[in-house]
Visitor: 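Structure incoming, see below.
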Amino acid sequence: MELKMKYHYSYFIYPYVVKENNYNKYVQRLLKNQKCRPQYFKREKNLSLYNFFLPTVRDYMFKTFGMATNNKEFNTELELKIRDNAFKSSPCAMFEYDIGLDAQAKTEGEDGIFFKIQKIEIICFKTGICFLAIKTDIEDSERFSDLLNFNVKFRDINTEVLGANSFNNIKIQSSTFGDVRRLSEIIREITGSIEDAKKIDMDINRFLTYSYVCLDQENWNEYKPFSEIEKEFFKFANVLNSEFNSNFENERLKIADLGKYIKIGISRAGMNLITSSINTVNYTSLPVEFENEYLYTYIYTLYKKFYFAKVINDFSSHIKGAKAKKEFVDFTNDIWVHELTNNDNGILIEKNIREVLDLRKLYNIAKEQYDVTYKNFKMKNSDMLNKVILILLAASVITNIVNFINLYKLK
């Protein structure tokens, strides 16, 4: 039986790298871009987000909680300058890309899966690791199979090798972007060069998928257990199309059970939640929580993964090694050793993400590289010190000989 959806959305997350020495200029460029609005978090408005994260993480990722005091906006030239300087010095800067008000772009009689873009977010960390998050939803369809096929197709729209006909069956219901090719162009305009991303093995062609779906309770209830839809869930969690038919022995997939009718599948392809409309909260408050607290948990943990890849690469460079050594110590003290949240579901989700991403293994590799760099640095300093001592000793011997000769002549 075809599964029916009550509510859904999908975020597609694209990680990219900005060179650290260009980071301030990049943020400044975004600030000057009229389509990029800086995001400010306010305690009253974002209270659940504020309470979810512990202070250390909150201060690192959401520094703007303390910037907009008394709900005052930045209007004057001085205030704008203060804002710009604060954004450039903040550990994490976030922007929302203005997609405008779209007119209906669908033509009657057209075939395919139509979707709309609801939001585009830009999240940049001062280390140069950045993320582009695009929120979408498909329209005029309640079929779960359409969501499966859409997620598979959309995550590859940035792939250069695909032909123009590859996306004929998914179409943007938007007058802003025209088609998926124009969207791909805008992504490249925002993210810039891909060279630094290649150096740390970022997948520059495929999005990570972060998707929420609430199934109609007729498909999942007390009389229709999860086992009846389990195969469809595995397709959803692994971002596979509706026609995929194989055994699901995926050791890399972690499943977080947040309740009787809430399951999150976490894999290398993304993080995807499935639930049932049998409980009202599953299509009212849960989707809000998933695209705020849980989304930023996912991105923050992804950030750690890509940072470790970056610092491992930097340790191999003689030029970047010394700076990477200090950055790694700061990262360990400021981020790695600190817990993210006291929320039970948040703790469970982060634990599973860390395991799927092999964060402990990556950290140990980075630590080994740090130890090697530190020892080499000490050896070089020791060699330099020995050379200086030898030079000073030689100079002292020469000086003593000259003094002895002069004293002999005087006699």
Side-chain angles (χ1 to χ4, degrees), residues 7 9-11 13 15 38-69 71 90-96 118-119 121-126 129-131 133 135 208-214 254-266 270-275 279-307 331 334-357 359:
Y7 182 72
Y9 60 77
S10 293
Y11 274 87
I13 300 170
Q39 283 191 288
Y40 297 98
F41 295 91
K42 299 176 183 179
R43 185 170 178 175
E44 298 80 8
K45 184 179 178 181
N46 310 103
L47 186 60
S48 60
L49 192 69
Y50 183 91
N51 290 332
F52 181 84
F53 291 100
L54 290 172
T56 301
V57 177
R58 191 170 60 233
D59 289 345
Y60 191 89
M61 194 169 185
F62 307 99
K63 196 72 173 179
T64 57
F65 264 121
M67 283 176 58
T69 57
N71 295 322
S90 176
C92 180
M94 300 190 195
F95 298 84
E96 185 171 338
Q118 296 186 16
K119 182 168 65 172
E121 243 183 303
I122 303 166
I123 303 163
C124 287
F125 292 90
K126 66 179 181 180
I129 306 295
C130 300
F131 300 89
K135 183 183 179 183
L208 293 162
T209 305
Y210 185 91
S211 194
Y212 165 93
V213 63
C214 180
K254 294 288 182 181
I255 300 174
D257 288 304
L258 302 191
K260 187 175 181 181
Y261 296 102
I262 306 171
K263 291 184 184 293
I264 298 178
I266 304 165
M271 175 169 152
N272 302 296
L273 183 150
I274 193 168
T275 186
N279 295 326
T280 305
V281 294
N282 291 350
Y283 57 88
T284 54
S285 59
L286 180 60
V288 177
E289 191 174 8
F290 189 65
E291 72 170 316
N292 285 282
E293 290 84 19
Y294 299 160
L295 174 62
Y296 290 121
T297 295
Y298 182 56
I299 288 176
Y300 190 73
T301 314
L302 278 173
Y303 166 58
K304 295 177 184 178
K305 170 192 172 181
F306 292 122
Y307 172 77
F331 188 91
D334 296 341
I335 295 179
W336 181 248
V337 298
H338 292 280
E339 294 182 345
L340 184 140
T341 181
N342 282 332
N343 179 280
D344 289 339
N345 286 340
I347 292 170
L348 175 63
I349 290 169
E350 189 211 14
K351 175 179 178 291
N352 286 328
I353 299 171
R354 288 166 66 109
E355 289 178 3
V356 169
L357 299 180
L359 283 196

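On a predicted model such as this, the values are computed, not experimentally measured, just so you know.
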Visitor: Would you find a donor on one side and an acceptor on the other, under 3.5 Å apart, between the side chain of Thr275 and the backbone of Tyr261?
Guide: yes
Visitor: Looking at the rings of Phe41 and Phe62, which for Trp means the six-membered one, are their centres under 6.0 Å apart?
Guide: yes
Visitor: Just how far is it from atom OG1 of Thr284 to atom OH of Tyr7, taken to the nearest 0.5 Å?
Guide: 10.5 Å
Visitor: Heavy atoms, side chains only, cut-off 4.5 Å: are Leu273 and Leu286 in contact?
Guide: yes
Visitor: Any chance you could measure Ile123, atom CD1, to Gln39, atom CD, to the nearest 0.5 Å?
Guide: 7.5 Å
Visitor: Counting only heavy atoms not in Glu339, do more than 12 fall under 6.0 Å of its CD?
Guide: no
Visitor: What's the separation between atom OG in Ser211 and atom OH in Tyr11, rounded to the nearest 0.5 Å?
Guide: 11.5 Å
Visitor: With a 4.5 Å cut-off on side-chain heavy atoms, are Met94 and Tyr296 touching?
Guide: yes
Visitor: Is atom NZ of Lys119 surrounded by more than 12 heavy atoms (other residues, nucleotides or ligands) closer than 6.0 Å?
Guide: yes
Visitor: Rounded to the nearest 0.5 Å, how far does CD1 of Ile264 lie from CG of Asn352?
Guide: 9.0 Å
Visitor: Given Ser48 and Glu293, is the side-chain hydrogen bond (donor to acceptor under 3.5 Å, both in side chains) satisfied, shown in steps?
Guide: CA-CA 8 Å; Ser48 60; Glu293 290 84 19; 2.8 Å; yes
Visitor: Quick one: CG on Asp257 to CD1 on Ile255, what's the gap to the nearest 0.5 Å?
Guide: 7.0 Å
Visitor: Using ring centroids (six-membered ring only for Trp), state whether Tyr210 and Phe290 fall under 6.0 Å.
Guide: yes
Visitor: Side chains of Met61 and Phe125, heavy atoms from C-beta outward: is any pair under 4.5 Å?
Guide: yes
Visitor: Check whether any side-chain N or O of Arg354 sits under 3.5 Å from a backbone N or O of Thr301 as a donor-acceptor pair, and report yes or no.
Guide: no
Visitor: Are any non-hydrogen side-chain atoms of Tyr298 and Phe131 less than 4.5 angstrom apart?
Guide: no
Visitor: Does the side chain to side chain contact (heavy atoms under 4.5 Å, CB included) test come out yes or no for Asn279 and Ile262, once each step is laid out?
Guide: CA-CA 10 Å; Asn279 295 326; Ile262 306 171; over 6 Å; no
Visitor: Is there a donor-acceptor pair under 3.5 Å between the side chain of Tyr9 and the backbone N or O of Pro287?
Guide: yes
Visitor: Going from CD1 on Ile353 to CG on Leu302, what distance comes out if it is rounded to the nearest 0.5 angstrom?
Guide: 7.0 Å
Visitor: How far apart are the C-alpha atoms of Ile122 and Cys130, what are their side-chain angles, what is the distance that settles it, and do they pass the side chain to side chain contact (heavy atoms under 4.5 Å, CB included) test?
Guide: CA-CA 7 Å; Ile122 303 166; Cys130 300; 5.6 Å; no
Visitor: Given the ring of Phe65, does Arg43 sit roughly above its face, with NZ or CZ under 6.0 Å from the centre of the six-membered ring and within 45° of the axis?
Guide: no
Visitor: Taking the side chain from Asn46 and the backbone from Leu49, do they hold a donor-acceptor pair closer than 3.5 Å?
Guide: no
Visitor: For the residue pair Thr341 and Thr297, establish whether any side-chain heavy-atom pair is separated by less than 4.5 Å.
Guide: no
Visitor: Minimum heavy-atom separation for Asn292 to Val288, with atom names?
Guide: ND2-O, 2.7 Å
Visitor: Would you call Ile129 and Pro15 a side-chain contact if the rule is heavy atoms closer than 4.5 Å?
Guide: no
Visitor: Looking at Tyr300 versus Phe53, is the centre-to-centre ring distance below 6.0 Å?
Guide: no
Visitor: Do Met271 and Ile349 have side-chain heavy atoms sitting under 4.5 Å apart?
Guide: yes
Visitor: Kindly indicate whether the side chain of Phe331, heavy atoms from C-beta on, has any atom under 4.5 Å from the side chain of Lys304.
Guide: yes
Visitor: Compute whether any side-chain donor of one residue and acceptor of the other, for Tyr303 and Tyr60, lie under 3.5 angstrom apart.
Guide: yes
